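Below is one structure; the comments refer to it alone.
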Amino acid sequence: MFVFATRPLACALLVTAALAAPSGVNAQTYPMKPVQVIVPYPPGGLTDGIVRQVAQGLTEKWKTTVFIENKGGGGTTIGTSYVARAAADGHTLLFTSTGYVTNQVLMKSLPYSADAFTPIAMGATAPNVLYVHPSVPVTSLAELLTYAKANPGALKFASTGHGSSPHLTAELFASKARISMVHVPYKGAGPALADLLAGHVNAMFHFPASLALAKEGKLKAIAVASTNRLKEAPGLPTFIDAGVPDVVSSSWFGFFAPAATPQPVKDKLHKDIMDVLASPRVRAFMDESGLTDTPMTQPEFATFISNEQDKWATVIRERKIPIE
């Protein structure tokens, strides 16, 4: 004897079956195909270096190709919006930096929703070091402040772009030190650093990797914007040591996925990325590049991102940085 379900019961059975059925992608089957990582910056530079190290490790771990595609332009919005439109299955990821949070404050409108992504894993951080050209007649932060106050606007700070970490760190420094400066934005670290070395600009916040240039006498390293001194340069004072507190800023690099990505896939991504970052090969690359391994859980990384947005929103508001 057959029993026919009523319409409500039939609908309930269909919903239950749908929920019980395995999804197209889960932690056991992921990845099901090559994984694409979008970098919203032009090729080259430290961002590319880090993500390619991780991509190599994940390729070896998963036995599936993880490839990098640079989609620069639009102040990182072109590549970021591409990932926002991608399928939320973990096969298209975003590897980005500080501009991810500052764009949400500096741009009147974005081609994607601010809640379109979920933070997956912090890749690394790099404390910002203040460098000046040898032509600037100073050897310490105290001397630099005296020089800047006696010569308003004489410090021309290069940055990697409007709203970038070097730009906002310079604005934070100028605010706390009560000095004036001229901001000179560039399209990336390469041209900015080249003009600093050539003397076309005379100051810049950049990665610890450029300490090698200071050792060669091509630049002067003045202070580092971290809470502790760098192990590779213990003689370089922090801004706190030098009497300018609250100037703490690091460039950071992290992985994001579309928000609707299944949690088991996000968990697997986080674990596997953390494993690769802890490998001897990647740790050696970070040491050589002046990067700091900063392991965080997914919730900790999400909190970090929220705090970064609040911090830089305050600087942008107080310094009256133009919104584009």
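Bear in mind the structure is a predicted one, so any value in this text is a computation, not a measurement.
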Item to complete: For side chain to side chain contact (heavy atoms under 4.5 Å, CB included), just list the numbers for Leu144 and Leu130, CA-CA rounded to whole Å, side-chain angles, deciding distance to a tenth of an Å, and then say yes or no.
Response: CA-CA 11 Å; Leu144 181 68; Leu130 173 57; 3.6 Å; yes
Practice prompt. Using the side chain to side chain donor-acceptor pair (under 3.5 Å) rule, take Ser250 and Thr125 through it: C-alpha gap first, then chi angles, then the decisive distance, then the call.
Written response: CA-CA 6 Å; Ser250 293; Thr125 58; 4.9 Å; no
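- Following chains of ILVMFWY side-chain contacts shorter than 4.5 Å, one cannot reach Trp312 starting from Ile323, and the two form parts of different hydrophobic clusters.
- Thr261 places a side-chain N or O within donor-acceptor distance of the main-chain N or O of Pro258, the cut-off being under 3.5 Å.
- For an aromatic pair to be called close, the ring centres must be under 6.0 Å apart, and His91 with Tyr30 satisfies this.
- Other residues, nucleotides and ligands place more than 12 heavy atoms under 6.0 Å from the NZ atom of Lys61.
- The salt bridge (charged side-chain N to carboxylate O under 4.0 Å, His left out) analysis of residues 159-180, with sequence neighbours excluded, yields the pairs Glu171-Arg319.
- Both Val282 and Phe255 belong to a common hydrophobic cluster when Ile, Leu, Val, Met, Phe, Trp and Tyr are linked at side-chain heavy-atom distances under 4.5 angstrom.
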Worksheet entry | Intermediate values then yes/no, side chain to side chain contact (heavy atoms under 4.5 Å, CB included), Phe95 and Val54 | CA-CA 11 Å; Phe95 187 76; Val54 177; 5.9 Å; no
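- A distance of 10.5 Å separates OG1 of Thr169 from CE of Met204, quoted to the nearest 0.5 Å.
- Atom OG in Ser164 sits 14.0 Å away from atom NZ in Lys187 (nearest 0.5 Å).
- The number of heavy-atom neighbours closer than 6.0 Å to NZ of Lys149, taken from other residues, nucleotides and ligands shown, is above 12.
- Under 4.0 Å is where a charged nitrogen must lie from a carboxylate oxygen, and between Asp287 and Lys231 at least one such pair does.
- Note that CZ of Phe207 is 7.0 Å distant from OG1 of Thr160, once rounded to the nearest 0.5 Å.
- No donor-acceptor distance shorter than 3.5 angstrom exists from the side chain of Ser97 to the backbone of Gly99, with no hydrogens or angles considered.
- Between Phe117 and Tyr112, the angle of the ring planes goes over 60°, which puts this pair in the perpendicular group of the 30/60° scheme.
- Between Val244 and Val247, the shortest heavy-atom distance links the atoms CG1-CG2, 3.7 Å.
- A 4.5 Å side-chain heavy-atom check between Met181 and Lys156 finds every atom pair outside the cut-off.
- In plain terms, the two heavy atoms of Gly243 and Pro245 that are nearest each other are O-CD, 3.4 Å.
- Side-chain contact check for Lys311 versus Glu308: some heavy-atom pair is nearer than 4.5 Å.
- In terms of heavy-atom proximity, Ile38 sits nearest to Gly79 at CG2-O, 3.6 Å.
- Note: the hydrophobic cluster containing Val39 does not contain Ile78 (ILVMFWY, side chain heavy atoms under 4.5 Å, direct or indirect links).
- Ser165 and Asn128 form a side-chain donor-acceptor contact under 3.5 Å, judged by distance and modelled atom types alone.
- Using a 4.5 Å heavy-atom cutoff, the side chains of Gln36 and Leu93 are not in contact.
- Side-chain contact between Leu193 and Leu213 is present, with heavy atoms from C-beta onward closer than 4.5 Å.
- Expressed to the nearest 0.5 Å, how far CG of Asn307 lies from CD of Gln309 amounts to 10.5 Å.
- Neither Tyr100 nor Ile120 shares a network with the other; the hydrophobic side chains, linked directly or stepwise wherever heavy atoms of I, L, V, M, F, W or Y lie under 4.5 Å apart, form separate groups for each.
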Item to complete: List the steps, then state whether side chain to side chain contact (heavy atoms under 4.5 Å, CB included) holds for Thr59 with Val35.
Response: CA-CA 9 Å; Thr59 294; Val35 175; over 6 Å; no
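- In this structure Pro295 satisfies the side chain to side chain contact (heavy atoms under 4.5 Å, CB included) test together with Met274, Asp293, sequence neighbours excluded.
- Looking at Thr76 and Asn103, their side chains do bring a donor and an acceptor atom within 3.5 Å of each other.
- For the pair Lys71 and Tyr82, the distance from NZ or CZ to the six-membered ring centre is under 6.0 Å and the angle to the ring normal is within 45 degrees.
- Lys220 places a side-chain N or O within donor-acceptor distance of the main-chain N or O of Val136, the cut-off being under 3.5 Å.
- Under a 3.5 Å cut-off, the side chain of Asp241 and the backbone N or O of Thr238 do form a donor-acceptor pair.
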Worksheet item: Can you list the steps and then say if Thr47 with Val51 is a side chain to side chain contact (heavy atoms under 4.5 Å, CB included)?
Response: CA-CA 6 Å; Thr47 308; Val51 73; 5.6 Å; no
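- Linking ILVMFWY residues whenever their side-chain heavy atoms come closer than 4.5 Å, directly or via other members, leaves Phe256 and Phe67 in distinct clusters.
- For Ile240 against Ser226, the heavy-atom pair with the smallest separation is CD1-O, 4.3 Å.
- Here the side chains of Leu197 and Leu219 are in contact, with some heavy-atom distance below 4.5 Å.
- Between the side chain of Ser140 and the backbone N or O of Glu143, at least one donor-acceptor pair lies under 3.5 Å.
- Within the 4.5 Å cutoff, no side-chain heavy atoms of Val276 are placed close to those of Ile273.
- Here the side chains of Met286 and Gln53 are not in contact, with every heavy-atom distance at 4.5 Å or above.
- Tested against Trp252, the residues Val101, Thr292, Thr294 include a single side-chain contact (heavy atoms from CB on, under 4.5 Å) partner, Val101.
- Closest approach of Gly290 and Pro208 over heavy atoms only: O-CG, 3.4 Å.
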Worksheet entry | Derivation and outcome, salt bridge (charged side-chain N to carboxylate O under 4.0 Å, His left out), residues Glu318 and Lys320 | CA-CA 5 Å; Glu318 291 180 349; Lys320 298 180 179 178; over 6 Å; no
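- Judged by distance alone, with hydrogens and angles left aside, the side-chain atoms of Thr118 form no donor-acceptor pair with the main-chain N or O of Ala257 at under 3.5 Å.
- Checked by atom type and distance alone, the side chain of Thr297 pairs as donor or acceptor with a backbone atom of Glu300 at under 3.5 Å.
- In this structure, the ring of Phe253 has its center no less than 6.0 angstrom from the ring center of Tyr41.
- With respect to Asp267 and Lys271, no salt bridge is recorded, no charged nitrogen being found less than 4.0 Å from a carboxylate O.
- A side-chain N or O of Asp115 and one of Ser113 form a donor-acceptor pair less than 3.5 Å apart.
- Ring-plane geometry between His167 and His183 is classed as parallel, the angle between the planes falling under 30 degrees on a 0 to 90 degree scale with a further cut at 60.
- When side chains are defined from C-beta on, Phe157 does not count as touching Val184, because their heavy atoms never get closer than 4.5 Å.
- A donor-acceptor contact shorter than 3.5 Å is absent between the side chain of Ser306 and the backbone of Ala302.
- Between Ala189 and His206, the closest heavy-atom pair is CB-NE2, 3.8 Å.
- Note: Arg85 CZ to Thr80 OG1 = 10.5 Å, rounded to the nearest 0.5 Å.
- Formation of a donor-acceptor pair under 3.5 Å by the Tyr131 side chain with backbone atoms of Ala223 is not found in this model.
- Between the CG atom of Leu46 and the CG atom of Leu291 there is a distance of 4.5 Å, given to the nearest 0.5 Å.
- Within the 3.5 Å criterion, the main-chain N or O of His133 finds no donor-acceptor partner in the side chain of Asn202.
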